Amino acid sequence: MTRLQHLAVGLVDGSGHVARRLAGRAAAWVRAGRREDLAGIAAVLGCWVRLGLVVAGLWVFWRIVRATPALLWALVPCWIVASLRKPPSEPAAPPATAPTKQAEIEAVRALLFEAMGDRPAVHLSTVLKHLQKRGHHPDWTVTDLRVRLEALGIPHDRRVKVGRIPTWGVRRRDLEAPSPDDGTGPSPTSSTAA
């Protein structure tokens, strides 16, 4: 690959990274408008207001660029510089004290119980906010959290009701039940199924 091709690939990849990062930050800001102390439409009204502000901001930006196209001479180089910067990469080798899968499962369960408090269930959006307040996974979405819970074998469901609102969440009774991975050997009793 020539140097110019390498630069073009870096620009395309970096541009996608910048766009995803900006979209993720905007989405996180919109999600932060949700009020957990309210229920129904009142709880998500803040999200709709913030979404309206994002759309209005994009419209105003588009109108300014359409009115003064020379502004692109300043914006495009800024975008290119941001795109060509190397995104922070993960360490090549895992640390020597990498937790085992079972230890990670227990840590996630403890986090879920902490986010749940004394309630019978918790929405994954609440767990995600709990994580992000502590500085973990700032660019994650609820889907990323669901994928991680699924990989760890932690039960979650799309019909968990908290405050009469059904969405993705975790129930206390599912967390307290032994996980299917806990059994290490065959059952001591034989099956009578024919």
Side-chain angles (χ1 to χ4, degrees), residues 10-59 61-62 79 82-83 85-91 94-95 98-99 101 103-117 119-172 174-175 179 181:
L11 183 61
V12 170
D13 291 345
S15 189
H17 178 73
V18 169
R20 283 190 302 275
R21 189 173 60 204
L22 289 175
R25 286 182 181 174
W29 184 72
V30 168
R31 279 193 307 270
R34 180 172 174 77
R35 300 260 318 257
E36 295 299 325
D37 58 335
L38 300 175
I41 298 294
V44 296
L45 189 58
C47 293
W48 285 106
V49 169
R50 288 180 181 216
L51 181 63
L53 288 172
V54 168
V55 170
L58 289 173
W59 181 79
F61 176 74
W62 176 74
W79 184 271
S83 297
R85 285 170 139 184
K86 293 280 186 196
S89 60
E90 296 187 18
K101 184 175 180 181
E104 190 174 355
I105 290 171
E106 292 307 316
V108 171
R109 282 185 177 200
L111 171 83
L112 290 170
F113 280 125
E114 181 183 330
M116 201 174 295
R119 296 172 297 193
V122 66
H123 286 156
L124 293 186
S125 59
T126 305
V127 175
L128 186 61
K129 285 180 189 173
H130 188 76
L131 272 172
Q132 291 173 343
K133 280 181 185 174
R134 284 162 177 68
H136 300 289
H137 309 294
D139 56 342
W140 270 24
T141 63
V142 172
T143 304
D144 297 323
L145 183 58
R146 278 183 23 228
V147 168
R148 189 68 192 135
L149 292 177
E150 190 171 317
L152 293 173
I154 295 176
H156 55 288
D157 187 15
R158 79 169 55 210
R159 295 176 303 272
V160 173
K161 282 189 179 181
V162 176
R164 296 180 296 173
I165 300 171
T167 188
W168 283 100
V170 178
R171 292 183 185 90
R172 180 178 299 277
D174 294 338
L175 282 179
S179 82
D181 293 338

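Quick caveat, the model's predicted, so the values are computed rather than measured.
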Checklist line | R35 side chain to A42 backbone, donor-acceptor under 3.5 Å | finding: no
Next item on the list: Please assess V108 against R148 for the test side chain to side chain contact (heavy atoms under 4.5 Å, CB included), listing each intermediate value before the final yes or no.
Entry: CA-CA 10 Å; V108 171; R148 189 68 192 135; 5.9 Å; no
Item checked: I165 versus G40, closest heavy-atom pair with distance -> CD1-N, 3.8 Å
Checklist line | Non-hydrogen atoms of I105 and L152 that approach each other most closely | finding: CD1-O, 3.3 Å
Next item on the list: For R34 and R31, indicate whether the former's side chain and the latter's backbone hold a donor-acceptor pair under 3.5 Å.
Entry: no
Checklist line | Backbone N/O of W140 and side chain of Q132: donor-acceptor pair under 3.5 Å | finding: yes
Item checked: Separation between CH2 of W168 and CG of L128, rounded to the nearest 0.5 Å -> 14.5 Å
Next item on the list: Decide yes or no for V162 and T126: does some side-chain heavy atom of the first lie under 4.5 Å from some side-chain heavy atom of the second?
Entry: no
Next item on the list: Compare all side-chain heavy atoms of D157 with those of D174 and state whether any distance is below 4.5 angstrom.
Entry: no
Notebook entry, point to check: Between A39 and G163, which heavy-atom pair has the shortest distance, and what is it?
Noted result: CB-O, 3.8 Å
Check: What distance separates L149 CG from D144 CG, expressed to the nearest 0.5 Å?
Finding: 11.0 Å
Next item on the list: Output the distance between atom CZ (R171) and atom NZ (K161), rounded to the nearest 0.5 Å.
Entry: 10.0 Å
Check: Going by heavy atoms in the side chains, are R21 and D139 under 4.5 Å from each other?
Finding: no
Checklist line | CZ (R25) with more than 12 external heavy atoms under 6.0 Å | finding: no
Notebook entry, point to check: Between W79 and S15, which heavy-atom pair has the shortest distance, and what is it?
Noted result: NE1-OG, 2.8 Å
Margin query: Can you tell me how far apart NE2 (H123) and CE (M116) are? Round to the nearest 0.5 Å.
Written below: 11.0 Å
Notebook entry, point to check: In Å and rounded to the nearest 0.5 Å, what is the CZ to CZ distance from R146 to R158?
Noted result: 7.0 Å
Check: Is the count of non-hydrogen atoms from other residues, nucleotides or ligands lying under 6.0 Å from E150 atom CD greater than 12?
Finding: no
Next item on the list: Verify side chain to side chain contact (heavy atoms under 4.5 Å, CB included) between V160 and V170, making sure each step is shown before the conclusion.
Entry: CA-CA 7 Å; V160 173; V170 178; over 6 Å; no
Notebook entry, point to check: Would a distance-only check, ignoring hydrogens and angles, find a side-chain to backbone donor-acceptor pair under 3.5 Å from H156 to L124?
Noted result: no
Notebook entry, point to check: Just by modelled atom types, is the G117 backbone N or O under 3.5 Å from a matching donor or acceptor in the R172 side chain?
Noted result: yes
Note to self: How long is the straight-line distance from CH2 of W48 back to CG of L53, given to the nearest 0.5 Å?
What the structure shows: 13.5 Å
Item checked: Heavy-atom check, side chain of H130 versus side chain of V122, under 4.5 Å -> no
Checklist line | Heavy-atom check, side chain of L45 versus side chain of L38, under 4.5 Å | finding: no
Notebook entry, point to check: Could you go step by step and tell me if L145 and L131 meet the side chain to side chain contact (heavy atoms under 4.5 Å, CB included) rule?
Noted result: CA-CA 10 Å; L145 183 58; L131 272 172; 4.2 Å; yes
